[in-house]
Q: 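First the structure, which I've put down as structure tokens, then a few questions once you've had a look.
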Amino acid sequence: MPLNPPNSLCLRQLFVNPKQARYQNVFRLALWLLFGATLVAVTCARIRLLGLPLERDEGEYAYTGQLLLQGIPPYKLAYSMKFPGTAASYALLMSIFGDTTAGIHLGLILINLVTVGLIFFLGRYLLGELAGLAAAATYGVISLMPYVLGQAAHATHLVVLPAIAGALVLIRALDRQSRILILASGCLFGLALLMKQPGLFFVLFGFVFLFSHDRSRHVELRQSALRSLIFLLGATVPLFVTCLLLWNAGVFEKFWFWSVKYAGRYGSQVSFAEGLRILAGHFLSSVGTAWPIWGLAAIGLIASALSASLRPRAGFLITFAFFSAVAVCPGFYFRPHYFILFLPAVSLLSATGVVLALERFRTGTAPLPCAALLIFTGCVAWPLYSERDFFFERPIAEANRMVNGTSPFPESVKIGEYLRAESTPSDTIAVLGSEPQIYFYAQRRSATGYIYTYSLMEPQPYARQMQLEMIREIETARPKFLVLVVISKSWLAGRDSDQTIVRWTDSYCDANYEEVGLVNISDEGSEYYFSGRPANIRPTAEHILIYRRKT
């Protein structure tokens with residue numbers, strides 16, 4: 001059975017008599033105006049927030065992308081448990097828009113707009129033009145929400161883009177019975193995996209949907225197995241090619257340790273019961289003021305299972321929603337930006353709810369569909385209105401504090417500028433803490449591959465080995481500057497954390513370095529003391545110390 005939109009859900013069917021027909025063009029125009037206004041509002045908000053400082057994940061990708069542009073492969077000078085696709089994407093975006101914070105966030109705007117467009121085409125292909133417009137407008141809004149850190153260029157945005165493209169190509173492949181398109185779809189889903197490991201669940205979605213579609217259409221088992229094999233072959237191509245490149249660059253062993261062995265340990269630290277508790281605490285806060293849209297999505301989920309007119313699309317919608325939800329779950333950490341992986345499914349389901357409402361109203365008078373449209377408009381507009389102070393009113397410094405608290409992201413900008421001014425490109429620096437964005441701002445290479453210290457403090461079997469390796473790398477490189485981040489969120493040390501590196505830091509700095517800078521951080525703001533601090537100034541509870549190597 002083809003997957004093109006069923007006639008019962010087309011816009012022209014909403015008006016069933018000559019008197020109602022005159023509303024058709026006006027109604028369609030109103031839908032496009034709503035979509036256009038939403039897109040303009042979201043884009044203006046993103047442009048206004050271009051100057052938000054990079055947070056930790058952005059700093060990691062930006063620094064690794066910076067190294068890539070210098071010809072240095074991932075995992076050589078910057079260790080990461082994430083697959084390298086996002087860092088490569090950052091390198092591409094920075095080569096186009098500039099090696100700056102604004103350039104990175106401009107790249108995010110492009111990624112978001114392309115994703116919105118793909119969701120429009122996917123929704124239109126499944127349920128008609130109305131659904132495409134509703135889904136695209138919805139995704140544009142909820143993917144911006146601060147509750148999911150939508151303003152930051154996280155890897156999850158880059159997972160969603162090829163995943164939606166892969167889904168769109170897959171349903172076209174099934175309509176056209178094209179093996180080439182099935183292969184292309186697999187490659188796109190494989191790119192989603194290359195961006196970050198949770199992309200694997202979108203690969204599984206594609207495989208399950210393809211196989212179940214063939215079985216429900218009574219495709220010959222041999223033919224169905226061949227098509228599934230072609231899809232899986234395409235899905236492995238991006239990662240296989242990447243592994244060959246990393247092997248050729250001499251960093252495959254590091255890649256395997258960090259992205260497979262250590263990542264597996266990291267993903268198994270939280271128990272299922274503890275994960276449920278974390279989900280219960282994080283889910284509502286991630287929904288935030290976008291709850292009307294999530295409510296529509298819940299209606300759409302129920303409708304796709306129960307409504308006869310939506311039943312041809314139920315398999316796709318429910319399967320996609322299930323695997324999107326599972327993609328949020330690895331490790332049971334449920335961090336806010338993980339929920340971005342679920343937002344395309346929420347958008348499609350909310351559009352399904354709108355389509356169902358209009359389908360129910362199509363035999364009534366024309367104002368009834370217009371009322372449904374007004375309700376949908378309110379659902380989309382409410383989150384933007386509720387967060388207007390963050391999107392459109394607050395100065396950038398205050399907007400940053402609203403979402404990031406006292407995390408030292410704006411402070412990292414000034415620290416990076418100071419280090420760049422006081423060193424040469426051949427000098428190295430080391431940050432003792434999890435603030436990789438400092439390397440990006442300083443435009444200096446790290447003396448150690450450990451650009452995060454989280455892993456050193458975790459109760460995992462590699463912790464002590466990692467601490468000793470970081471110590472050895474720093475002592476061998478003899479960096480010109482050491483940056484000591486005395487902030488709990490930058491270490492996340494627990495009662496059972498190994499303290500070897502903490503003891504080493506105190507003795508090593510005293511013997512080889514002199515303090516040349518202090519940044520005191522508090523709720524009232526930050527105070528900067530570069531090139532020495534007055535005798536009467538003492539470090540606050542959260543502070544950053546800068547040390548220069550003794551001559």
Side-chain angles (χ1 to χ4, degrees), residues 30-43 45-46 112-113 115-120 122-124 126-151 156-157 160 164 279 282-305 310 313 317-318 320-322 324-325 327-328 334 336-359 369 371-388 390-392:
L31 288 172
W32 276 103
L33 288 175
L34 171 61
F35 171 69
T38 302
L39 205 60
V40 168
V42 167
T43 303
R46 288 193 179 277
N112 186 256
L113 289 175
T115 306
V116 166
L118 289 172
I119 289 177
F120 164 73
L122 181 58
R124 186 179 70 172
L126 289 170
L127 299 168
E129 184 179 50
L130 166 62
L133 291 169
T138 299
Y139 181 78
V141 171
I142 58 178
S143 64
L144 175 63
M145 288 293 104
Y147 306 106
V148 294
L149 302 181
Q151 77 288 340
T156 43
H157 288 287
V160 165
I164 297 301
L279 175 61
H282 287 190
F283 178 72
L284 290 180
S285 61
S286 296
V287 171
T289 55
W291 60 265
I293 291 174
W294 286 75
L296 277 178
I299 295 172
L301 180 61
I302 297 171
S304 61
L310 295 173
R313 308 296 173 256
L317 292 168
I318 294 175
F320 185 68
F322 171 77
S324 298
V328 180
F334 299 107
H337 58 283
Y338 291 6
F339 287 91
I340 290 173
L341 298 172
F342 190 46
L343 298 186
V346 172
S347 302
L348 289 170
L349 290 173
S350 65
T352 303
V354 174
V355 164
L356 178 67
L358 291 171
E359 174 71 4
L373 176 61
L374 288 176
I375 292 172
F376 174 68
T377 301
C379 291
V380 172
W382 175 251
L384 291 173
Y385 177 79
S386 300
E387 307 301 330
R388 65 191 182 281
F390 173 71
F391 293 140
F392 304 111

Q: Identify the heavy atoms of Leu373 and Ala30 that sit nearest to each other, and give their distance.
A: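 Looking at all heavy atoms of both residues, the shortest contact is CD2-CB, 3.9 Å.
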
Q: Please report the shortest heavy-atom distance between Ala131 and Val355, naming the atom on each side.
A: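 For Ala131 and Val355, the tightest heavy-atom pair comes out as CB-CG2, 3.6 Å.
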
Q: Within the 4.5 Å heavy-atom criterion, are Leu39 and Leu113 side-chain neighbours or not?
A: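 Side chain of Leu39 against side chain of Leu113, heavy atoms only: contact under 4.5 Å found.
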
Q: Under 3.5 Å, side chain of Thr156 to main-chain N/O of His337, donor-acceptor pair present?
A: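 Side chain of Thr156 to backbone of His337, a donor-acceptor pair under 3.5 Å: yes, one is there.
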
Q: Identify the heavy atoms of Ile299 and Gly353 that sit nearest to each other, and give their distance.
A: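 The answer is CG2-CA, 4.5 Å.
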
Q: Kindly compute the distance separating CG (Leu31) from OG1 (Thr377), expressed to the nearest 0.5 Å.
A: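 Rounded to the nearest 0.5 Å, the CG-OG1 separation comes to 8.5 Å.
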
Q: Flag the pair Tyr338 / His282 as yes when at least one side-chain heavy-atom distance between them is below 4.5 Å, and no otherwise.
A: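 They are not in side-chain contact.
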
Q: Tell me, with the steps shown, if Val141 and Thr38 meet side chain to side chain contact (heavy atoms under 4.5 Å, CB included).
A: CA-CA 7 Å; Val141 171; Thr38 302; 3.4 Å; yes

Q: Does Arg313 reach the side chain of Ser304, with side-chain heavy atoms less than 4.5 Å apart?
A: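 Answer no - side chains too far apart.
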
Q: Do Ile164 and Phe320 come within less than 4.5 Å of each other through their side chains, counting heavy atoms only?
A: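 The answer is yes, as the side chains (C-beta and beyond) meet within the 4.5 Å cut-off.
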
Q: Could you give the distance from CG (Leu317) to CG (Leu301), rounded to the nearest 0.5 Å?
A: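 Here the rounded value is 9.0 Å.
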
Q: Look at the aromatic rings of Phe283 and Trp294 and report parallel, tilted or perpendicular, splitting at 30° and 60°.
A: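 Aromatic pair Phe283/Trp294 classed perpendicular.
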
Q: Looking at every non-hydrogen atom in both residues, tell me the closest pair between Ser286 and Tyr147 and how far apart they are.
A: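 For Ser286 and Tyr147, the tightest heavy-atom pair comes out as O-CB, 3.5 Å.
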
Q: Drop me the distance from Trp291's CH2 to Cys379's SG, to the nearest 0.5 angstrom.
A: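 Taking CH2 in Trp291 and SG in Cys379, the distance rounds to 7.5 Å.
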
Q: Do the side chains of Leu343 and Val160 get nearer than 4.5 Å, heavy atoms only?
A: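 When only atoms from C-beta onward are counted, Leu343 and Val160 do not touch, as no gap falls below 4.5 Å.
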
Q: Do side-chain atoms of Thr352 reach the backbone of Gly300 as a donor and acceptor pair under 3.5 angstrom?
A: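 The answer is no, because no donor-acceptor pair under 3.5 Å joins these two groups.
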
Q: Under a 4.5 Å cut-off applied to non-hydrogen side-chain atoms, are Thr289 and Pro383 in contact?
A: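 Result yes, sub-4.5 Å side-chain heavy-atom pair found.
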
Q: Measure the spacing between CD of Glu129 and CZ of Phe35 and express it to the nearest 0.5 Å.
A: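 Here the rounded value is 10.5 Å.
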
Q: Classify the angle between the aromatic ring planes of Tyr385 and Trp382 as parallel (below 30°), tilted (30 to 60°) or perpendicular (above 60°).
A: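 Tyr385 vs Trp382 ring planes: tilted.
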
Q: Can you see which heavy atom on Ser143 is nearest to which on His157, and at what distance?
A: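 For Ser143 versus His157, the nearest heavy atoms are O-CE1, 3.7 Å.
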
Q: Distance check, rounded to the nearest 0.5 Å: Tyr139 atom OH versus Leu144 atom CG?
A: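 Between atom OH of Tyr139 and atom CG of Leu144 there are 10.5 Å.
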
Q: What pair of heavy atoms forms the shortest contact from Glu387 to Pro146, and how long is it?
A: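 It is OE1-CG, 4.1 Å.
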
Q: CG of Leu126 to CD1 of Ile119: how many Å apart, nearest 0.5 Å?
A: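 Separation between the atoms: 11.5 Å.
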
Q: Indicate yes or no: at least one non-hydrogen side-chain atom of Phe376 is less than 4.5 angstrom from one of Thr138.
A: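 In contact.
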
Q: Just to verify, which of Val148, Ile142, Leu149 counts as forming a side chain to side chain contact (heavy atoms under 4.5 Å, CB included) with Phe339?
A: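 One option only clears the test, and that one is Val148.
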
